[in-house]
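Counting convention: from 1, in listed order, for ligands and their atoms alike. FYI, side chains are in, hydrogens and waters are out, and symmetry mates aren't considered; it's all heavy atoms of this structure.
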Amino acid sequence: MAKILVTGGTGFIGSHTAVELFNAGYEVILLDDFSNSSRKILTQLKTITGQEPEFVELDLCDEAKLNAFVEQHPEITGVIHFAAFKAVGESVQQPLKYYRNNFYSLINIINAFKSKVNLVFSSSCTVYGQPDVLPVTEDAPVKRAESPYGNTKQIAEEILTDTCKVTPDLKVISLRYFNPVGAHSSALIGELPIGVPQNLVPFITQSAIGKRGPVTVFGSDYNTPDGSAVRDYIHVVDLAKAHVAAIKRMEEEKSESNYEVFNLGTGKGSSVLEIIKAFEATTGEKLDYKIGDRREGDVEQVWGNVTKSSELLGWKAELDVNEMMSSAWKWEKYLKDNPF
Ligand code: UD1
């Protein structure tokens, strides 16, 4: 079985994908620099999978070290590249930090493998901005990014498109995630936000456990059924499984071209207020929340058309909003008793 390198392997989506790769029988090497994750995730992965994960601590911007590592591992045939900075607000404050890290790491990986590798790239529905047509399909126009972070995703997709045109040995699948939430059913791995969570679900769970004050609903005057903004929330375990499907598609030479793009969502939108209600209903916890102003840069509503993913990747999200909320809550409670 091929060996897969997972960059950002101790991060939120990386760690869940590592579990699904193990489950599918792959050999895996995790790579991380712990700039936004914890070493303890390795122990957690060992508990979940019963195997000691192979791991390398490396900053992908360090080209010489990365090249040496890749030379020592000719058995790696696929890379799932999660490692990137992802805080939208911070990217506005420190754009060069984002452009430097997110581009150098991507370019260094392609060069290190001499363009001969199957690569899965973590992209985002942020590339669509506010789509004109919903649910949004992969061929919808890419809109001007609202933040340097969003721009790194757009430009990275262009870098990959241009490179694939002239390098037939390089196979790439870009996965455009909608809103990944939830945690592994074991509650041993999940999202570990640094400081005050900017994303809705970690803020909800931290508020419910007493770490934060009330949840603010950012905007109640949107043109949506209940006035709050609508997103396509997707369970991180479903998302992780799609990465295995993407690797398999490239290995089995099923790609229609050497650069492909897929939406990863449930195909269903939920409003902020619906998420709050789902959290309360599934956990039995009462949430303290208030209505606030819209957040700058937010789109009104977006959810994905996932027909292409289901037809070509053979993948479909299976877990619903209730499972997203109950697993996120179980993880928050685990963290309270077992701080990282
Ligand atoms: C954000 C990023 C997006 C990134 C995605 C994945 C922005 C503008 N976009 O998406 O680029 O790919 O995360 O992690 O940050 N909300 C509240 N109260 C809160 C927090 C959020 O009402 O305390 C609302 C937001 O206004 C939004 C929804 O909840 O309508 C989801 O927000 P969030 O979880 O931050 O994700 P996105 O903004 O959709």
Side-chain angles (χ1 to χ4, degrees), residues 8 11-14 16 36 82 84-93 98 102 121-131 136 142-157 174-182 190-208 211-236 239 263-266 269-279 287-304 321 324-325 328:
F12 175 40
I13 309 174
H16 288 81
N36 188 18
F82 295 107
F85 292 151
K86 60 168 189 179
V88 176
E90 186 188 51
S91 79
V92 175
Q93 298 306 319
Y98 275 67
N102 293 4
F121 176 68
S122 295
S123 190
S124 167
C125 71
T126 195
V127 303
Y128 299 123
Q130 176 59 63
V136 61
V142 165
K143 299 260 177 81
R144 198 186 144 69
E146 287 280 351
S147 68
Y149 157 76
N151 213 18
T152 67
K153 294 296 178 196
Q154 292 186 0
I155 297 172
E157 284 202 21
S174 283
L175 298 175
R176 291 178 178 161
Y177 312 151
F178 284 72
N179 287 55
V181 298
E191 198 168 357
L192 277 173
I194 294 180
V196 181
Q198 303 302 307
N199 296 116
L200 179 62
V201 174
F203 198 98
I204 286 177
T205 55
Q206 289 197 7
S207 171
K211 255 177 106 172
R212 306 284 163 206
V215 176
T216 304
V217 177
F218 295 147
S220 60
D221 58 351
Y222 284 113
N223 185 22
T224 58
D226 65 22
S228 64
V230 171
R231 297 287 183 275
D232 185 343
Y233 296 89
I234 171 153
H235 198 297
V236 66
L239 196 70
N263 282 343
L264 296 186
T266 61
S270 304
S271 73
V272 175
L273 289 169
E274 283 171 340
I275 290 293
I276 288 174
K277 282 179 200 135
F279 178 82
L287 263 185
D288 188 8
Y289 68 90
K290 57 180 199 283
I291 306 295
D293 292 338
R294 292 181 179 195
R295 180 171 69 178
E296 208 187 317
D298 270 352
V299 299
E300 181 169 88
Q301 46 189 331
V302 61
W303 62 96
V321 167
M324 299 177 207
M325 295 304 125

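Here side chain to side chain donor-acceptor pair (under 3.5 Å) pairs that include residues 191-200, with residues two or more places apart or in two chains, number zero.
Sorted by chain then number, the residues whose non-hydrogen atoms approach ligand 1 to under 4.0 Å are Val88, Ser124, Thr126, Tyr149, Asn179, Gln198, Asn199, Leu200, Thr216, Val217, Phe218, Ala229, Arg231, Tyr233, Val272, Arg295, Asp298.
In this structure, Arg294 forms a cation-pi arrangement with Tyr222, its terminal cationic atom sitting closer than 6.0 Å to the ring centre and no more than 45° off the ring axis.
The shortest side-chain heavy-atom distance between Val181 and Val236 does not fall under the 4.5 Å cut-off. When side chains are defined from C-beta on, Ile275 does not count as touching Met324, because their heavy atoms never get closer than 4.5 Å.
Thr266 is linked by a side chain to side chain donor-acceptor pair (under 3.5 Å) to Asp232, counting only residues two or more places apart in sequence or in another chain. Taking the salt bridge (Lys or Arg N to Asp or Glu O under 4.0 Å) definition, one finds that Glu274 meets it with nothing, sequence neighbours left out.
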